[in-house]
Number of protein chains: 2
Amino acid sequence: MSGQYSQPALDRGSPLPLWAQLLGRLHERLNRGEFAERFPTDLELMSDYGVSRQTVRDAVRRLADEGLIQRERGRGTTVRPRTFEQAAGTLESLFEYVEAAGHEQTSATREARLCTDARVAAILGLPSAEPLVYIDRLRLVDREPLALDRSWLPARIAEALLEIDLARTGIYVELVARCGVKLRSGSERLRPVIPPAPDRRALGLPANQAALSVSRLTRGTGGPVEWRESLVRGDRWTIVVELTPTTRTSASLPWAPFAA
Amino acid sequence: MSGQYSQPALDRGSPLPLWAQLLGRLHERLNRGEFAERFPTDLELMSDYGVSRQTVRDAVRRLADEGLIQRERGRGTTVRPRTFEQAAGTLESLFEYVEAAGHEQTSATREARLCTDARVAAILGLPSAEPLVYIDRLRLVDREPLALDRSWLPARIAEALLEIDLARTGIYVELVARCGVKLRSGSERLRPVIPPAPDRRALGLPANQAALSVSRLTRGTGGPVEWRESLVRGDRWTIVVELTPTTRTSASLPWAPFAA
DNA sequence: TTGGCTGTATTGTCCGGACATTAGTACCTA
DNA sequence: TAGGTACTAATGTCCGGACAATACAGCCAA
């Protein structure tokens, strides 16, 4: 610790370039929420760490490239919010494309109630008798069913959702705004399925057509906040994968083994 | 034209920064194949365009960020080949994951012959009676069928494939190496389907399971070179979509309407 | 012929300086 | 109160310089 700067000095004997060391420091400080109020200016970082402006710019540029901050001439550098506001996944994407194509997307809530479910509780890391909010919606495009959408959420955080008309708003929006949940991440698994007869009927899916099953776990800062199972009828929309000659690219989709 | 440099001078009165102008110039020259033999050094670009090394580096760095070139200390800058060598798509991704998980992937050619097909010819932009090479393979993991894979290629460019054991090599590799095709791009469409009974039997797919259909058009420099239809059984592997809090992200999959 | 050393070439890092562009704030005048 | 001007702050651009790290080629000695 040099005592000369307001931050511990970088190691000039390290094989790691100064900009890389500074980048690591800034990552740590970002992750600790140290820049929640304000990100330092180039000049401040220069004096804080005892390096040239070029070195500061090389480090900070990489933070900007990662989307963690935004730099604007005249205004300075701001931290970009890390909230996962829309938690957009496969289904949200679909509806974006649907609406971009000029169609009307609506939803009808078929069920919204408290329940217990040992299978889902286990997925959410909860005791098997833990109360859950269960929401079952039919998603429609131009009044035709496109997807069936079922969510299970811990009642202790999401009970307020039962009082809301979810045909008019989204689960994630309300989870954030009303239940004070901070969404962090999610993961989805996609596979083709033959839906059971009641679901097939609800979707209006012909007997010779399959559906895409999208299972999703959504996580908040405090742990899992939602298990969701959706069925998208397979005879209306298709997923597109473009393959382009950018080097090394493979626009590849990740795969994992399916365990039934 | 200043006559002072070996390239037309950049416009110092333009609102566009010098690095951006230089980047545009280098893009054009790359696209024209002007650097096929050798990419110029920083020093050469400095004197060619009359700018500082910093400006050269700012422009060239962005080419590297795009993956079009590669810079190596001591060696210089090389152009990355633009060939679309592996033409990796959804299925190739799948097999990468399969093999990364320690499984053995093999394939068995069920048919390889000349044919005509008016539907596929239309897709490839060919006359309906144009001869096509038809290749039908079963793809296996640890000797269990995982996917059915059918390709149609114009015979006038791909006839040599009929003489090759495609269990031991890939269509694209041979298309490039033996048929002299330059692959440029591709696009795939994914949807869940109930396969016809012969395909279901070939895959060993239980009656209550669906398959993922992957239809793909592969393009070469001279136009479409392959139409491909694959079926992946839906009870073994699943596509994964991770949703992370990188700002602005939506790890969204693109969708398009399905026309049967 | 092979291995080691030296010299040259090339990109990467870091420093310093200066000016341009943009944004925001404060102050003044109509 | 609204509009205009001046000033300050902050990032972007561009220049120049110097040294470090890496690669490669050539040359020499064993």
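Below, chains carry the letters A, B, ... as their sequence lines are ordered, and counting in each starts from 1. Just so you know, these numbers come straight off a predicted model, no measurement behind them.
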Under 4.0 angstrom between B/R71 side-chain N/O and C/dG12 OP1 or OP2: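 Yes, within the criterion.
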Output yes when at least one side-chain N/O atom of B/T41 is less than 4.0 Å from OP1 or OP2 of C/dA9, else no.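 No, outside the criterion.
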[X] has an atom [atom1]; how far is it from atom [atom2] of [N], in whole Å?
X     : N      : atom1 : atom2 : value
B/L43 : C/dT8  : CG    : P     : 16 Å
B/E72 : C/dT11 : CD    : P     : 11 Å
A/R38 : C/dG24 : CZ    : P     : 15 Å
B/R61 : C/dG12 : CZ    : P     : 11 Å

Contact state string [nucleotides 13-21 of chain C, B base, S sugar-phosphate only, - no protein heavy atom under 4.0 Å]: BSB--B--B
Any salt bridge between A/R62 and A/D65, counting N to O under 4.0 Å? no
Before accepting this row, confirm whether a basic side-chain N of the pair A/R71/A/D42 lies closer than 4.0 Å to the acidic partner's carboxylate O. yes
When rounded to the nearest 0.5 angstrom, what distance separates CD in B/Q105 from CG in B/L146?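 With rounding to 0.5 Å, CD (B/Q105) is 8.5 Å from CG (B/L146).
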In Å and rounded to the nearest 0.5 Å, what is the OG1 to OH distance from B/T55 to B/Y49?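 Going from the OG1 atom of B/T55 to the OH atom of B/Y49 covers 13.5 Å.
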Which atom pair, heavy atoms only, marks the closest approach of B/S151 to B/E226?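 Scanning both residues, the minimum pair turns out to be OG-OE2, 2.7 Å.
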So which heavy atom on B/S14 is nearest to which on B/Q21, and how close?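 For B/S14 and B/Q21, the tightest heavy-atom pair comes out as CB-NE2, 3.5 Å.
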